[in-house]
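First the proteins, then the strands, lettered A, B, ... as listed; each starts at 1. These numbers come from the heavy atoms of this one structure, side chains and all, not from hydrogens, waters or symmetry mates.
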2 protein chains.
Amino acid sequence: MSGILKGMRVVEGSAFVAVPLAGMTLAQMGAEVIRFDRIGGGLDAGRWPLAPSGQSLFWAGLNKGKKSIAVDMSRPEGRELITRIVTAPGEDAGLFLTNLRVRGWMDYDTLKQRREDLIMVTLMGDRHGRPAVDYTVNPALGIPEMTGPEGWPEPVAHALPAWDLVAGQLVVSSLLAAERERLRRGRGQEVELSLKDVAAAAIGHLGLIGDAVVNEAERGKSGNALYGAYGQDFLCACGRRVMVIGLTHRQWRGLVKATDSAAAMADLAARSGRDLNDEGVRWELRHDITAILRPWFAARTVADFAGDFDAVGLTWSVFRSVREALAEDPDLSEDNPMFRLLDQPGLGRFPVPGHPAVFSGHHRQDPQSAPRLGAHTEEILGDVLGLGDAEIARLFDSGVVQGPGRAARRAA
Amino acid sequence: MSGILKGMRVVEGSAFVAVPLAGMTLAQMGAEVIRFDRIGGGLDAGRWPLAPSGQSLFWAGLNKGKKSIAVDMSRPEGRELITRIVTAPGEDAGLFLTNLRVRGWMDYDTLKQRREDLIMVTLMGDRHGRPAVDYTVNPALGIPEMTGPEGWPEPVAHALPAWDLVAGQLVVSSLLAAERERLRRGRGQEVELSLKDVAAAAIGHLGLIGDAVVNEAERGKSGNALYGAYGQDFLCACGRRVMVIGLTHRQWRGLVKATDSAAAMADLAARSGRDLNDEGVRWELRHDITAILRPWFAARTVADFAGDFDAVGLTWSVFRSVREALAEDPDLSEDNPMFRLLDQPGLGRFPVPGHPAVFSGHHRQDPQSAPRLGAHTEEILGDVLGLGDAEIARLFDSGVVQGPGRAARRAA
């Protein structure tokens, strides 16, 4: 009844968000995930936010439940160790994720010579192999042009590395699809995708490319309005702000009823000669609708209507900061079985999330902390590569590998 | 050499973004995906953007390559047809995705009685089963508080349904993980996740929860700056805007060198007594760094430096609207093998994306258009359920099912 991927072993050579998230997602489904890093840590070892100790909360968040090995890959002996770990035998091993794009010894064709049925998933910046991050992909594809307050003259970035998050999950599903084929037919393969293609595909899927071509439309900024139907934020008498949604017909009717605005909406429909039951009309008349609803919210506190809104099943929420959400919302606490309060040395005690999905055939797997860099170096050399104590000691002594656990043990 | 999931059959009862995207992702990897809808179309049938014909570009974008059946589920006979399609035999069938949460006949426990090894993945709004959309999840978790121009007094929504996109890919990987277990052990299961939990997990993974708890930090708005290191937008002499990144040490050194600003940065370091090789220092001194770089960009057109920036491998991009991107960027054209220019009746001709990943064991699968609603009703009743012509005709005549293909054929 442990994780659904128990028994699978994945090796990850990565940095930043997407591929670390992919490996962690697999680990949180029960896979053994080995992340290797250079001595001293990878490119993301010090990524903000940091804890007061200087340790990266970001790194700890994206590498939970993995095993860590630190190897000096500038030396042939270190590269050989990584090659052996990536291509180690095992029916459910030979699975490699990376965004590092190291030419030569870490190429698929090279690694494949050591394990014919290797599956390797590589995430690139763009399809040409050039670097890219969410902060550059978004401007290139037009997202900041449609983000921000209505009328604001400049592009506005959003705060989430959304493409990294999406790409990470695509790395997971690509790996599982390739492994499914290997289970059936015995053959491995190389899988390649790029962050920019993930984003370009998504704007196509959402209709933005079609809209730009066939309507010659430039979707502009629309502030906090829900695009294409009705949804808007309102300031309430208590000083708090809420978001209310009238996307579906049911949501719209519920919103009109709960705000007692049927007569005013009928008047708007009559004045404009438009049918507000058409979601596109609600979008086009959103400023008029908002003008009707604004006084209703301005005259009430959230407490005045929250119970009613929930009782009729409206889709709505209050605006919060992350700290307010942590203080107010049980969904961000251990009341939500996805979260566990973990004491993490060097980081502190806070709610840590596991995998969002619950599999009925398995107990929900509690989230585990991230390892310290190199914490499993000794274990991996012994268990995965079958090296003896003397050989492992030699590798530590010569600086080919490193690990805090080993150092601690030798000092003890 | 066709799609990697060829032979798999998935049934989808869905609306909007996440679950339709999940089904489409599977279809673009070669699975047969049957989306069922009520007569006249589901909740998302008219979602904006629309083509001039009134057909939804959004729906067409998220349902590419699927088979469509339209059934009157208000009638017991219609519900029985859907039940039979979901639970139809086949080693690689019995896979069901939904976000509709219909109680009773569409519950996992009910469907399981008809196929013991059914795998059903249900995406909810929140873990309590309440409705939620990106537009409400973001405010609830603090994202709009950290989005927008520095100093802007109100929360700013971002324009992407990011959680829907992430959740859709989690639906895919959850399905594949469950199907992997079924291949090995023969048992199916129910998988449940919620949009809000997907978002809450992600902000935890990114370190935002730890930052809020252990640092008592509220990440504020920082405009278009890259959080935690250096990255900023600049207006150039040609009127265009660029984003440049100095996240890694290599990127930072490259940016300083390419902009000939080493002396000015050394001066800033001396004045401030801080080390700009520390990414966090770059973040804290970002306004000073930007003041140094701004005149350099203001004095140059993009054409002046684009070649140099690319030659040294800087991570950067120009800002574009979607239309500008379509006009300028070959990555959004058929030059990119992910895209195909498709003529889609009722929609128009524009570049349509396939799956972002390339599997070396398979030819890249070209994107297919979305079906018209009910286009495969007759085919599915015949091929999946094995109904005869007379029975199929009776179902059409009685209005239990509908389909444009059938109507066309009968009129012919």
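Separating the CG atom in D233(A) from the OH atom in Y135(B) is a distance of 12.0 Å, to the nearest 0.5 Å. Distance CZ/F319(B) to CG/N138(A): 9.0 Å, rounded to 0.5 Å. Note that CG of N215(B) is 9.0 Å distant from CH2 of W48(A), once rounded to the nearest 0.5 Å.
The candidate with the highest count of non-hydrogen atom pairs below 4.5 Å against chain A, out of A162(B), G348(B), A357(B), A325(B), is A357(B). Among E179(B), H355(B), E324(B), the residue making the largest number of heavy-atom pairs under 4.5 Å with chain A is E179(B). Ranking H205(A), K64(A), E154(A) against chain B, the residue ahead of the rest is H205(A), based on heavy-atom pairs under 4.5 Å. Heavy-atom pairs under 4.5 Å with chain A peak, among K221(B), M8(B), R130(B), E216(B), at E216(B). Most heavy-atom pairs under 4.5 Å with chain A, from the set V17(B), D197(B), L21(B), L193(B): that is D197(B).
When heavy atoms are compared at a cutoff of 4.5 Å, Q28(A) approaches chain B solely by way of its side chain, counted from C-beta outward. Residue A60(A): no heavy atom, backbone or side chain, is found under 4.5 Å from chain B. Looking at I209(A), both its backbone and its side chain come within 4.5 Å of chain B, counting heavy atoms on both sides. For M146(B), the parts lying near chain A are the backbone and the side chain together; criterion is any non-hydrogen pair under 4.5 Å. For a residue to count as touching a neighbouring chain, one of its non-hydrogen atoms must lie under 4.5 Å from one of that chain's; by this rule R180(A) touches chain B with the side chain only. The contact between A217(A) and chain B is made entirely by backbone atoms, counting heavy-atom distances below 4.5 Å. Proximity to chain B (any heavy atom under 4.5 Å) is restricted, for E181(A), to the side chain, taken from C-beta onward. For E328(A), no part lies near chain B; criterion is any non-hydrogen pair under 4.5 Å. Looking at R250(A), there are no atoms closer than 4.5 Å to chain B (heavy atoms on both sides), in backbone or side chain. Within the 4.5 angstrom heavy-atom criterion, only side-chain atoms of M29(A), from C-beta onward, approach chain B. Only the side chain of I245(A) comes within contact range of chain B, judged by heavy atoms closer than 4.5 Å. For chain A, no part of H249(B) is nearby; none of its heavy atoms comes within less than 4.5 Å. Using a 4.5 Å cut-off between heavy atoms, A167(A) does not touch chain B at all. For a residue to count as touching a neighbouring chain, one of its non-hydrogen atoms must lie under 4.5 Å from one of that chain's; by this rule V352(A) does not touch chain B.
Under the side-chain hydrogen bond (donor to acceptor under 3.5 Å, both in side chains) criterion, R184(A) pairs with D92(B), sequence neighbours left out.
Under a cutoff of 6.0 Å and an axis angle of 45°, R47(A) and F16(A) do not form a cation-pi pair.
Nearest heavy atoms, D164(B) versus D134(B): N-OD1, 3.0 Å.
When only modelled atom types and interatomic distance are considered, S321(A) and E145(B) share no side-chain donor-acceptor pair under 3.5 Å.
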